Amino acid sequence: MKKQFIVIGLGRFGSSLTKTLVEAGHEVLAVDKDIDLVQSMSSIATHAIQADSTDEEVLKELGVGNFSHAIVAIGENLQSSILTTLLLKEMNIPKVTVKAKNIMYGKVLTKIGADQVVYPERDMGIRLGRQLSSDNLIDYIELSPDYNLVELNAPAAMNGYTIQQLDVRAKYGVNIMAIKSADGINISPLAEDKIRTGDTLLIIGANEDISALERKYE
């Protein structure tokens with residue numbers, strides 16, 4: 001289903017987000033005070049407009065109240081980010097997601113009504129750190145502070161074993177949700193399905209349980 005987003009702030013995060021949303025088939029109104037940034041997105045976003053998001057009248061003229069989701073991707077200027085978030089919430093936009101550069105900023109933004117706070121630099125650092133610290137970890141998605149969905153290269157020690165024989169659910173509290181191989185992807189694999197060297201495992205579980213599984217098969 002096509003959705004309508006407004007992205008305010010067209011730095012690296014805002015511009016890449018805009019591009020990703022448009023490529024996914026959604027409509028995006030891209031907004032920034034910097035005309036150069038706006039022009040750089042004019043051929044990508046559905047509409048790209050130079051505007052001051054801290055001006056309530058300007059936001060009303062842009063019709064931001066018609067959008068179901070606003071993303072405030074303003075970089076270093078916390079004051080502008082706060083004021084923009086407040087104005088968007090006052091206009092009853094159903095969901096406002098705000099970029100924050102650190103936890104303290106995030107707490108402030110949450111207190112004033114941000115529905116979701118994201119930390120691109122922190123999250124990218126965590127993701128890279130986890131990838132570098134594991135020989136088998138390909139990628140992961142943080143489902144909550146305690147639970148992840150991860151992609152792992154099947155360790156050599158698992159080669160030839162069935163899911164039932166490995167019994168990772170009972171031993172580690174994690175679930176193998178899918179197995180990707182050269183033949184395709186096996187969604188919800190059966191207990192008798194075997195894991196082979198070269199397979200990629202999609203695993204869900206608590207962070208500490210996934211780490212314990214990785215340590216076992218290092």
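Only a predicted model underlies this, so the values are computations on that prediction, with no experimental measurement involved.
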### Message
Using side chain to side chain contact (heavy atoms under 4.5 Å, CB included), reason through K60 and V58 one step at a time and then give a plain yes or no.
### Response
CA-CA 5 Å; K60 288 179 179 178; V58 169; over 6 Å; no

Interatomic distance, [X] atom [atom1] to [Y] atom [atom2] [nearest 0.5 angstrom]:
X: M158; Y: N153; atom1: CE; atom2: CG; value: 11.5 Å
X: F67; Y: M91; atom1: CZ; atom2: CE; value: 12.0 Å
X: I176; Y: D193; atom1: CD1; atom2: CG; value: 10.0 Å
X: I203; Y: Y172; atom1: CD1; atom2: OH; value: 11.0 Å
X: I93; Y: F5; atom1: CD1; atom2: CZ; value: 12.0 Å
X: L201; Y: E151; atom1: CG; atom2: CD; value: 9.5 Å

List the atom pairs, with distances to 0.1 Å, where a side-chain N or O of residues 44-53 and a protein N or O form a donor-acceptor pair under 3.5 Å, not counting sequence neighbours.
| from | atom 1 | to | atom 2 | distance (Å) |
| --- | --- | --- | --- | --- |
| T46 | OG1 | V28 | N | 2.8 |
| Q50 | NE2 | K33 | O | 3.0 |
| D52 | OD1 | T54 | N | 3.0 |
| D52 | OD1 | T54 | OG1 | 2.7 |
| D52 | OD2 | T54 | OG1 | 3.2 |
| S53 | OG | T84 | OG1 | 2.8 |

Looking at [X] and [Y], would you say the former's side chain and the latter's main chain have a donor-acceptor pair under 3.5 Å?
X: N159; Y: A156; value: no
X: D209; Y: V174; value: no
X: S81; Y: N77; value: no
X: Q165; Y: T162; value: yes
X: D34; Y: D36; value: yes
X: D167; Y: Q164; value: no
X: D32; Y: L10; value: yes
X: H26; Y: K3; value: yes

Crowding at [atom1], [X] (>12 non-hydrogen neighbours, <6.0 Å):
X: Y147; atom1: OH; value: no
X: Q79; atom1: CD; value: no
X: Q116; atom1: CD; value: yes

Could you pull out the closest heavy-atom pair between [X] and [Y], with the gap in Å?
X: A73; Y: G9; result: CB-O, 3.5 Å
X: G160; Y: K194; result: O-CD, 3.6 Å
X: Y105; Y: A100; result: CB-CB, 4.0 Å
X: Y217; Y: L166; result: OH-CD2, 3.5 Å
X: M177; Y: P189; result: O-CD, 3.4 Å
X: V96; Y: D115; result: N-OD2, 2.7 Å

### Task
Mind running side chain to side chain contact (heavy atoms under 4.5 Å, CB included) on L149 and L202 for me, showing each step along the way?
CA-CA 7 Å; L149 181 67; L202 192 64; 4.0 Å; yes

### Task
For the pair V98 and V118, evaluate side chain to side chain contact (heavy atoms under 4.5 Å, CB included) and give the outcome as yes or no after the intermediate values.
CA-CA 6 Å; V98 189; V118 296; over 6 Å; no

Indicate, with yes or no, if [Y] and [X] share a hydrophobic cluster defined by side-chain heavy-atom contacts under 4.5 Å among Ile, Leu, Val, Met, Phe, Trp and Tyr.
X: L62; Y: L87; result: yes
X: M41; Y: V22; result: yes
X: L29; Y: L37; result: no
X: V108; Y: I74; result: yes
X: I71; Y: V117; result: no

### Message
If the test is side chain to side chain contact (heavy atoms under 4.5 Å, CB included), which one of I163, T200, I187 qualifies with I179?
### Response
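Exactly one pass, corresponding to I163.
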
[X] versus [Y]: any side-chain heavy-atom pair under 4.5 Å?
X: K19; Y: L21; value: no
X: L88; Y: L86; value: no
X: L152; Y: E214; value: yes
X: I112; Y: I82; value: yes

### Task
Dump the intermediate steps for side chain to side chain contact (heavy atoms under 4.5 Å, CB included) on V7 and V31, then the final yes or no.
CA-CA 6 Å; V7 176; V31 179; over 6 Å; no

